[in-house]
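To start, the structure under review is shown below, and the notes come after it.
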Amino acid sequence: MAKFDLTSRMGQYLDRHLVFPLLEFLSAKEIYDETELLKAKLDILSKTNMVDYAIDIRRQLYPNEEVPEELKQRRVHVVAQLQELQQEVEPITKVMGNDEVMKTMENMRDSKTLINFLSKDYNFEIDMIESLHKLAKYRYECGNYSVSTSYLYFCMLVLPPSDKSYLSVLWGKLASEILVQNWESALEDLNKLREYIDSSPNHFGGNSLQLLQQRTWLIHWSLFVFFNHAMGRELIIEMFLYRPHYLNAIQTMCPHILRYLATAVIINRGRRSALKDLVKVIQQESYTYRDPITEFLEHLYVNFDFDGARQKLHECHTVLFNDFFLISCLEEFVENARLMIFETFCRIHQCISIGMLAEKLNMNPDEAECWIVNLIRNARLDAKIDSKLGHVVMGAQPLSPYQQLIEKIDSLAVRSETLVGLIDRKLKARNDIRWGTQEF
Amino acid sequence: MSRFFATGSDSDSDSSSQEEIIPRQAAPIYTFSDDEEEVKRVVRSTKEKRYEELTNLIKLIRNYKKIKDMSSMLTSFEDLQRAYVKALPVVQKEEGGQTPRFYTRCLVELEDFITEMWEDKDGRKNLSKNNSKSLASLRQKLRKYIKDFDEDISKFRENPDQPDDEEEEEKREPEVDSDSDVPVKPAAKVIKPVVRDEGESSSDSEDWPSDSESSSGSSEDEEKFTSMRERFLKRTTEKDDDDEKEKKKDERRKERKDREKRKLRREDEEDEEGEWETVKGGVAIPSEKPKMFAKDAEIDLSLVIKKLSEIIAARGKKRTDRREQIELLHELQAIADQHNLGAAIVVKIKFAIISSIFDYNPKVSDAMKPEYWTNLIERMSEMLDMLRNHDNILISDSVTEETERFDEAPYRIRGCVLTSLERLDDEFIKLLKECDPHSNEYVERLKDEAKVSAIITKVQKHLEVHGSQSELCRIYLRKIEHLYYKFDPLVLQYKSGELPRDTITSMQEMERLCKYIYAKDGTDRLRTRAILSHIYHHALHDNWFQARDLVLMSHLQETIQHSDPSTQILYNRMMAHLGLCAFRHANIKDAHNCLVDLMMTGKPKELLAQGLLPQRQHERSKEQEKIEKQRQMPFHMHINLELLECVYLVSAMLIEIPYMAAHEFDARRRMISKTFYQQLRSSERQSLVGPPESMREHVVAAAKAMRNGHWAACNNFIINEKMNTKVWDLFYQADAVRAMLTKLIKEETLRTYLFTYSHVYDSISMSTLGEMFKLDKPVVHSIISKMIINEELMASLDDPSQTVVMHRSEPSRLQSLALQLADKINNFVDSNERILETKQGNFFLRSANQGGFRGDRQNFRAGNVQDWSRQRRDNRREY
């Protein structure tokens with residue numbers, strides 16, 4: 001099952017801390033060897049300040065060994081440094097403790113007046129922001145995400161967008177929001193970050209490579225938000241498919257994101273129109289990336305190979321089940337994919353035997369019949385079941401030429417009439433003017 | 001010498017002509033008293049004027065002879081004829097109808113020269129087109145013209161030397177003691193300056209190459225001349241004259257013989273390359289050659305450097321003989337070799353040799369001579385080998401003349417290997433273009449390609465150690481340009497996994513070079529060219545996806561029209577190959593799109609720089625033609641145009657025929673491919689259509705068969721013996737292409753069949769269809785499903801019976817006409833609205849609406865009724 005696992009590919013575009021949930025998920029699924037996963041975790045932790053966690057994992061990994069002295073020392077060191085930083089930003093933490101001030105701060109229009117206000121009343125210095133930023137980062141490294149969010153929020157309020165550390169603040173905020181699973185504000189930050197990246201290509205010195213990298217990171221990070229936020233499925237299509245910059249980034253840097261995009265389109269019943277565009281992209285990239293989900297779409301909408309599609313749907317099941325982001329929408333996916341097969345089927349056929357349909361949809365005949373009946377009852381399908389022969393007969397009638405003709409001519413009379421009316425009015429107006437001129 | 005003469009004669013003729021002309025001129029024009037005065041002011045007589053004109057022209061012709069510039073010679077000759085006609089009255093008067101000797105001499109010489117040139121077939125071939133044309137016409141004209149002078153010429157040929165000398169003698173005498181002698185023989189005297197001028201200038205102009213060729217030779221000349229003058233000075237009696245005459249004649253003859261000898265030698269050198277070797281060897285230095293150094297001089301480094309700079313200093317001057325320079329340098333190199341003066345100085349001399357060989361050809365647009373070319377290649381690779389063997393030599397153009405160092409270890413030399421190499425490469429291309437591509441000569445030249453590539457590799461290795469980034473980019477691009485158009489079968493083997501993963505094919509090489517340029521290049525041009533070549537190479541080796549992605553990512557389509565012509569040509573070539581690659585990959589639409597721009601204009605030949613087409617509207621000027629010729633691709637890089645056209649037409653057929661069938665009654669059917677339509681129409685115009693002969697006829701016949709749904713016939717027209725030899729066998733994997741084509745033809749014919757005949761059927765079994773078109777059932781099912789989904793075919797499948805049931809919704813003729821009528825009325829109303837808007841003069845509104853209209857038109861096919869209503873609403877709001 002490791003074949004379609006994307007964790008290693010995704011990992012290179014994610015922050016260390018963001019990889020943890022993925023690894024946790026993997027160990028729960030037991031696809032990989034547990035010790036190897038633990039080693040990987042330890043490796044990741046080595047560069048962070050979450051020493052306690054690291055010690056835990058070490059114990060799990062090597063139950064017989066003592067915790068090395070080095071780690072213990074590091075722990076002490078980390079705590080000391082933390083306190084040092086904390087002291088530096090004492091005034092700010094005080095301000096932050098004060099709800100009233102925070103409220104007035106939020107109502108300030110730009111950072112300049114805000115800084116003036118703060119330095120006047122609360123002996124605030126601009127250098128402190130830097131230390132605050134450092135502290136937030138430190139807290140984050142220690143796994144103390146919620147504190148770090150509040151610090152970064154303050155940073156964002158004070159710093160002007162042109163500041164060089166503004167971008168890093170934005171990224172930090174997004175990461176911490178994701179890690180505390182505060183999806184609402186994470187989405188907000190995501191949008192802010194995207195706007196910042198898109199609107200100011202100059203920040204990266206016109207270096208399109210860097211810009212591309214930033215976008216690729218953003219795409220990967222946003223997956224957390226999109227697959228957890230209620231609105232995410234809508235937004236992911238908006239961002240990945242209909243923003244050319246991001247589509248480009250996906251195509252050039254990370255075609256594996258197409259899996260998520262495809263899933264989002266499939267489970268989003270309202271966005272059938274996006275399918276066409278998506279299929280185009282999938283076809284274009286078919287030589288660099290393919291997995292059961294994209295292949296499913298290809299079979300269904302390019303080759304109209306229903307048997308192939310059915311097979312792929314079966315494979316999709318396992319893929320989704322083992323994907324951190326997609327596991328939550330497994331049911332939905334299967335339901336919608338079935339519906340898609342059925343819809344296409346109905347558009348092409350006028351008479352289908354239920355037995356075959358059931359086979360194509362991976363159901364038993366009775367279930368299938370029940371399913372179709374439900375569809376018909378919900379008025380989503382114009383069809384009748386011929387139970388004697390076991391057929392479904394479609395009821396759709398094509399547009400007759402008469403109707404076409406009428407549709408075309410329908411508006412003409414009205415249009416001509418308005419035209420005539422207009423000309424009449426004009427003529428009259430002109431005559432009036434003539435009268436006028438003659439009089440004078 | 002001529003200058004000396006000019007000043008001398010001026011004063012001389014002053015006195016004589018005045019005296020002489022006044023009475024003569026006064027007689028006919030006595031009515032105008034003013035004129036007399038004016039004539040007085042005129043320094044030279046008409047005769048003299050005419051004669052000088054003639055002599056000047058003759059001088060010119062002689063000069064042209066030297067450089068074998070036929071076209072200029074032709075014009076000068078024509079001028080000469082004209083001038084002679086002008087001078088004719090004077091001649092008649094003065095010489096009693098006798099043609100002047102110098103004129104006859106010139107004609108004779110010219111004739112000799114022309115016949116010699118004509119005989120020398122090899123030489124003639126080497127002439128540029130322009131020159132050889134001029135040579136032919138000059139020869140004809142001269143023959144015709146010379147008939148009038150037959151008598152004079154034959155007389156002249158009997159004793160060619162005598163008369164000039166006589167006259168020279170005569171004229172010398174009075175000039176020398178002009179103050180004592182009052183003009184004795186005015187008639188003779190008047191001719192004198194002219195004749196003398198002729199005589200001298202002839203010797204002058206003939207001598208000047210030898211002059212510079214060997215300093216001793218020229219000094220000899222001078223010596224002789226002074227002695228001659230002395231003799232004149234001494235001369236007092238007529239008796240002496242005869243003696244003098246004899247002597248002089250002897251001398252002249254000797255001189256002439258010498259000259260002929262030299263000429264012979266020179267011709268030898270030109271004809272045989274072998275001669276070069278001996279010269280290079282430096283041992284068998286011809287005896288008359290000047291000594292490089294004094295015999296007993298101690299030859300050391302500084303002396304050689306001095307001599308070298310002396311030779312180099314003469315470079316580019318008008319009177320230096322370029323051939324001589326090369327020889328001298330060779331000799332110098334030999335001497336340096338003999339005395340073991342170190343590698344640095346030898347490299348420096350080699351460098352000088354290379355640049356002087358480049359200099360040899362005075363015209364930039366012409367190719368250098370093959371023997372020089374071979375010489376050049378050898379020198380170049382020798383030099384590079386030396387550079388590689390001695391890695392303590394720094395050669396760069398940042399080293400100034402002063403800081404050059406030849407004597408100790410970190411040698412420093414001024415010069416740029418890269419520039420020489422680029423020049424060499426350009427010369428190679430020029431040389432190839434000069435040859436007839438179908439001759440053996442071309443093949444011979446092309447063999448040098450390997451050598452040039454080897455040299456490039458050497459330079460590349462050298463620069464990889466010593467060069468800067470931008471230099472490396474340049475050399476890499478050169479390398480790429482020698483690589484990108486070559487097909488490497490290894491690549492395909494590599495792709496199919498037959499070769500081990502670590503083999504280096506040309507693909508990997510390209511990848512490495514191009515990536516370096518992408519990363520390091522500062523100028524846009526190099527990068528663009530690298531990308532284009534890279535795509536070309538990908539396309540050539542069937543890497544369709546990579547090639548396509550590179551095209552799409554580079555966004556070159558948008559900016560290419562702003563780049564220089566040669567890059568645009570490269571772009572066109574790339575597009576052509578991309579089209580072919582798409583075709584091989586069965587991406588017919590892409591193939592068509594790639595090729596349509598090239599084929600639409602009907603002049604792919606010109607767009608790919610594979611030959612000039614005659615222009616109908618306006619002739620090219622000479623300049624323009626020259627420039628365009630320079631841009632042409634050498635023959636071995638050409639893309640087969642017939643293949644290109646065939647691929648284009650076949651893909652157009654595969655797209656167009658089903659489309660035509662689907663939209664038979666559609667009034668707004670647009671043409672997908674104009675060129676294809678033209679072919680179809682022209683065949684329809686024929687009253688009798690015979691069996692197809694040419695490639696185009698085959699495609700047209702196939703298209704007709706396809707229109708009738710006859711896939712086997714269509715397939716036979718496209719794939720048969722004739723087409724195989726003409727077109728398909730040119731593909732590397734021809735069988736795969738043919739199989740792909742057959743499959744596509746089946747599918748598209750099936751579609752056409754369904755479009756055309758669906759109204760006849762009520763239902764049709766899929767297995768029958770599959771049998772008819774020899775297709776598998778799933779394929780048929782897939783094709784029909786696609787058509788149904790895209791609403792191309794009004795039908796649906798009946799699953800239990802495996803049939804296609806038609807819906808009878810295809811409009812009948814009447815209905816479709818009615819629909820068309822409705823469309824037209826729609827248009828009519830629309831245009832009415834627009835007219836009203838323009839009358840109102842609301843420009844802003846109009847432009848906005850027009851845009852909408854255009855968009856509408858494109859969308860119309862999708863049956864966009866909504867758009868119409870939206871527009872209507874908009875209009876209302878505006879009113």
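The chains referred to below are lettered A, B, ... by the order of the sequence lines, with proteins before strands, and numbering in each begins at 1.
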Determine which residues belonging to residues 277-294 of chain A lie within contact range of chain B, meaning some heavy atom pair is under 4.5 Å apart, and list them by number or answer 'none'. A/Gln284, A/Tyr287
Please name the pair of heavy atoms, one in A/Leu419 and one in B/Asn832, separated by the smallest distance, quoted to 0.1 Å. CD2-CB, 3.3 Å
Per-residue contacts, residues 299-310 of chain A versus chain B, heavy atoms under 4.5 Å: A/Val302, A/Asn303, A/Phe304, A/Phe306
A/Ser416, A/Ser353, A/Cys351: which one forms the most heavy-atom pairs within less than 4.5 Å of chain B? A/Cys351
By side-chain hydrogen bond (donor to acceptor under 3.5 Å, both in side chains), which residues pair with A/Arg338, not counting sequence neighbours? none
Just how far is it from atom OG of B/Ser796 to atom CZ of A/Phe345, taken to the nearest 0.5 Å? 12.5 Å
May I ask you to test the B/Ile825-A/Ile409 pair for a side-chain heavy-atom distance under 4.5 Å? no
Atom NE2 in B/His781, atom CD1 in A/Ile348: separation rounded to 0.5 Å? 6.0 Å
Taking the side chain as C-beta and beyond, is there a heavy-atom pair between B/Asp798 and A/His391 under 4.5 Å? no
Please indicate whether A/Tyr402 has more than 12 foreign heavy atoms, meaning atoms of other residues, nucleotides or ligands, lying under 6.0 Å from its OH. no
Among residues 241-250 of chain A, those lying within the under-4.5 Å heavy-atom range of chain B are none
Kindly compute the distance separating CG (B/Leu552) from OG1 (A/Thr252), expressed to the nearest 0.5 Å. 11.5 Å
Quick check on the interface: out of B/Val829, B/Leu821, B/Ile784, B/Ile789, who has the most heavy-atom pairs with chain A under 4.5 Å? B/Ile789
If one checks every heavy atom of B/Leu797 against chain A at 4.5 Å, the contacting part turns out to be both
What part of B/Met553 is in contact with chain A, defined as an atom under 4.5 angstrom from a non-hydrogen atom: side chain, backbone, both or neither? side chain
Take A/Arg415 and B/Asn826, measure what side chain to side chain contact (heavy atoms under 4.5 Å, CB included) needs, and give me the verdict at the end. CA-CA 10 Å; A/Arg415 281 170 74 186; B/Asn826 249 326; 3.6 Å; yes
Using a 6.0 Å cut-off, check whether atom CD of A/Glu417 has over 12 heavy atoms from anything other than its own residue. no
Can you establish whether the number of heavy atoms outside B/Lys786 located under 6.0 Å from its atom NZ is more than 12? yes
